[in-house]
Amino acid sequence: MSAEQGYQAIFNENNQEFVIAGKLRPRSEDEIRPLSEALSQALSTVRGTFYLNVKRLARLNNVAFRVIAGLVSQVGQSRTDLKIEVVTSSVMGWSTRKFEPLARRLPNVTVTEYDKDFYPGQAFLEEGGFIPILRNQTRLTWRHERHLLPRHGLNPGMTMADICCGIGDFAVLAQKEFKPSRILALDHSRSSLDYARKVAHEFGVTDIEYVYGDASEMVIEDDQFDFVTCRHSLQIFDKPDMILRELYRICKPGGRVYITNEKNSHCLGEPRSESIQWTYTEVAKLFADFRMDVELGPKSRRYLADAGFEDIKVDSFMVTNLDGDPQDFADMIQAWENVYAGEMARDRGDTPEFISKFRRGFQDHIYAALHPKGYAGWPIWAASARKPI
Ligand SMILES: C[S@@+](CC[C@H](N)C(=O)[O-])C[C@H]1O[C@@H](n2cnc3c(N)ncnc32)[C@H](O)[C@@H]1O
């Protein structure tokens with residue numbers, strides 16, 4: 001409805017959800033009469049709980065707000081049997097504040113910011129503890145990826161998006177090496193984005209667009225980018241197919257989507273291989289308890305095929321202590337231990353005995369990495385595929 005006015009309104013009867021997206025800035029109530037009639041009609045047909053989804057509503061002026069709030073209040077007051085849930089998003093920070101007064105006035109109206117607590121590992125990933133991990137990881141994987149990326153279709157001058165960009169190091173490196181004509185980097189962690197902007201500023205990089213957003217509901221038009229990357233992130237989201245759907249949507253037909261993921265239980269080292277293997281098998285179980293699949297790497301082909309892509313390419317490479325300074329590898333493992341054993345295992349309620357054995361495997365991996373005859377590895381799967389024309 002009314003795409004020409006910059007908004008869409010759709011009622012989904014199956015889940016009693018009325019979705020309003022885009023920009024709603026009428027000069028008069030008359031201009032949005034089709035919307036108010038559709039909303040009123042939808043409200044009159046539902047029972048139980050009615051969802052008013054404004055997650056992707058980017059703009060809402062007071063004229064439109066009065067119309068929507070008026071209908072919600074009227075129905076909320078007259079039909080106390082009906083629950084009305086307004087679903088907002090932190091990506092549109094104003095929307096929660098705007099609708100909350102309605103919930104304060106009417107006991108059967110609630111306002112839910114759907115992405116406040118929307119994927120299981122959010123607290124660990126968004127609260128800053130991951131920054132040292134991501135810094136070290138990107139430094140180590142870049143040595144491999146810079147050579148792989150052209151094979152997966154990244155060429156100079158392309159338009160590019162890095163979704164779930166974390167602290168943005170990859171975007172900076174890709175920008176320097178491949179000189180894209182446009183590069184957008186999106187993440188749902190404000191602390192990581194602040195960090196990314198600071199680093200870019202320090203390095204005099206000015207042309208990366210850092211955007212706060214939700215990768216499973218991006219406020220980005222369809223068919224925008226030649227090359228869309230999403231690194232180490234499908235594995236931490238409990239619904240990777242939702243993110244893939246969005247990566248597909250924003251990729252141009254004929255463009256490619258590139259993903260990297262791990263298989264943690266395959267981390268290895270010599271000497272002390274058994275202790276190392278035990279710990280990384282436990283890492284995979286720990287993440288699974290938080291509904292994250294850090295074993296996703298080899299499943300990339302299936303995910304890409306199921307999402308409708310073609311010409312799928314899959315590479316795997318092993319980051320090792322011999323790639324550069326072994327201390328870099330050791331620093332990465334130490335950062336893993338700090339978060340996985342120091343925060344996640346503790347939050348899961350593991351016993352001190354378990355945590356101590358768990359820590360031992362990380363220390364043994366560091367030992368293997370720094371030992372003059374030792375070898376330590378971390379395997380990664382890099383996969384890409386084309387969006388059909
Ligand atoms: C393991 S980190 C990887 C970051 C970066 N790609 C890298 O390789 O360094 C996962 C990132 O995904 C982000 N993330 C998780 N769910 C997201 C979502 N729904 N939308 C946007 N970002 C999300 C987290 O904030 C985090 O920065």
Side-chain angles (χ1 to χ4, degrees), residues 55-56 89-92 113-146 148-149 160-174 183-197 199-200 208 210-220 228-247 249-250 257-264 283 286-287 290-297 319 332 335-336 339-340 343-344 378 380-383:
K55 288 193 289 197
R56 288 201 202 199
S89 157
S90 75
V91 177
M92 311 297 172
E113 205 169 78
Y114 90 106
D115 57 346
K116 200 170 187 174
D117 195 15
F118 78 132
Y119 70 98
Q122 188 169 5
F124 302 115
L125 283 152
E126 295 194 0
E127 279 163 16
F130 255 70
I131 288 178
I133 293 187
L134 301 183
R135 286 239 86 164
N136 287 313
Q137 287 188 173
T138 309
R139 186 147 27 112
L140 290 167
T141 54
W142 180 247
R143 293 191 186 111
H144 299 262
E145 288 185 84
R146 67 188 302 184
L148 276 179
L149 282 160
M160 172 178 175
D162 186 31
I163 306 303
C164 303
C165 65
I167 54 171
D169 284 352
F170 177 78
V172 170
L173 292 165
I183 178 163
L184 176 144
L186 177 143
D187 201 277
H188 192 267
S189 159
R190 290 192 195 278
S191 57
S192 295
L193 285 171
D194 287 346
Y195 190 93
R197 289 191 185 102
V199 171
I208 300 177
Y210 290 105
V211 179
Y212 175 70
D214 167 14
S216 61
E217 292 257 2
M218 289 188 272
V219 189
I220 296 177
V228 179
T229 58
C230 184
R231 301 173 52 267
H232 300 279
S233 298
L234 293 183
Q235 61 182 36
I236 56 100
F237 201 74
D238 58 338
K239 296 180 201 79
D241 44 321
M242 279 172 66
I243 296 195
L244 262 178
R245 222 180 8 246
E246 281 289 273
L247 303 179
R249 186 181 66 73
I250 67 167
V257 166
Y258 168 90
I259 57 175
T260 64
N261 291 285
E262 301 165 56
K263 182 168 175 78
N264 260 277
V283 168
L286 175 65
F287 274 78
F290 289 100
R291 302 211 307 281
M292 295 184 263
D293 182 8
V294 288
E295 300 285 274
L296 193 147
V319 173
M332 177 179 73
W336 287 350
V339 175
Y340 304 170
E343 294 177 27
M344 294 174 71
W378 170 45
I380 309 289
W381 276 258

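Just so you know, ligand 1 is whichever comes first in the structure, and atom 1 is the first atom listed for that ligand.
- Using a distance-only test at 3.5 Å, with no hydrogens or angles considered, no donor-acceptor pair links the side chain of R231 to the main chain of D162.
- In terms of polar-atom proximity, C164 is counted as a contact of ligand 1, with an N or O under 3.5 Å from an N or O of the ligand.
- Atom CZ of R190 and atom CZ of R197 lie 9.0 Å apart (nearest 0.5 Å).
- Looking at D162 next to ligand 1, no N or O pair under 3.5 Å apart turns up.
- At a 4.0 Å heavy-atom cut-off, ligand 1 touches C165 through the backbone alone.
- Aromatic ring orientation, Y340 versus F287: perpendicular (interplanar angle above 60°, classes split at 30° and 60°).
- Backbone and side-chain nitrogen or oxygen atoms of H232 are examined, and none is located within less than 3.5 angstrom of a nitrogen or oxygen of ligand 1.
- Pairing each heavy atom of A174 with each of M160, the nearest pair is CB-CE, 3.6 Å.
- The two residues M218 and R249 have their closest heavy-atom pair at O-NH2, 3.0 Å.
- Contact annotation: for D169 versus ligand 1, there are no heavy atoms closer than 4.0 Å.
- Across the listed options M218, H188, E217, H188 owns the non-hydrogen atom lying nearest to atom 21 (C) of ligand 1.
- Considering backbone and side-chain N/O of R231, one or more are found under 3.5 Å from N/O of ligand 1.
- In this structure, H232 and W378 have parallel ring planes: the angle between them is below the 30° cut-off, well short of the 60° mark.
- Checked by atom type, the side-chain pair W336/Q137 shows a donor-acceptor distance below 3.5 Å.
- Close contacts of ligand 1 with G213, meaning ligand atoms under 4.0 Å from a residue heavy atom, involve 20 (N), 21 (C).
- Interface of T138 with ligand 1, defined as ligand atoms under 4.0 Å from a residue heavy atom, comprises 9 (O).
- Counting heavy atoms under 4.0 Å from ligand 1, residue F237 touches it through the side chain alone.
- Closest approach of I163 and A215 over heavy atoms only: CG2-CB, 3.5 Å.
- The distance from ligand 1 to the heavy atoms of A215 drops below 4.0 Å at these ligand atoms: 18 (C), 19 (N), 20 (N), 21 (C).
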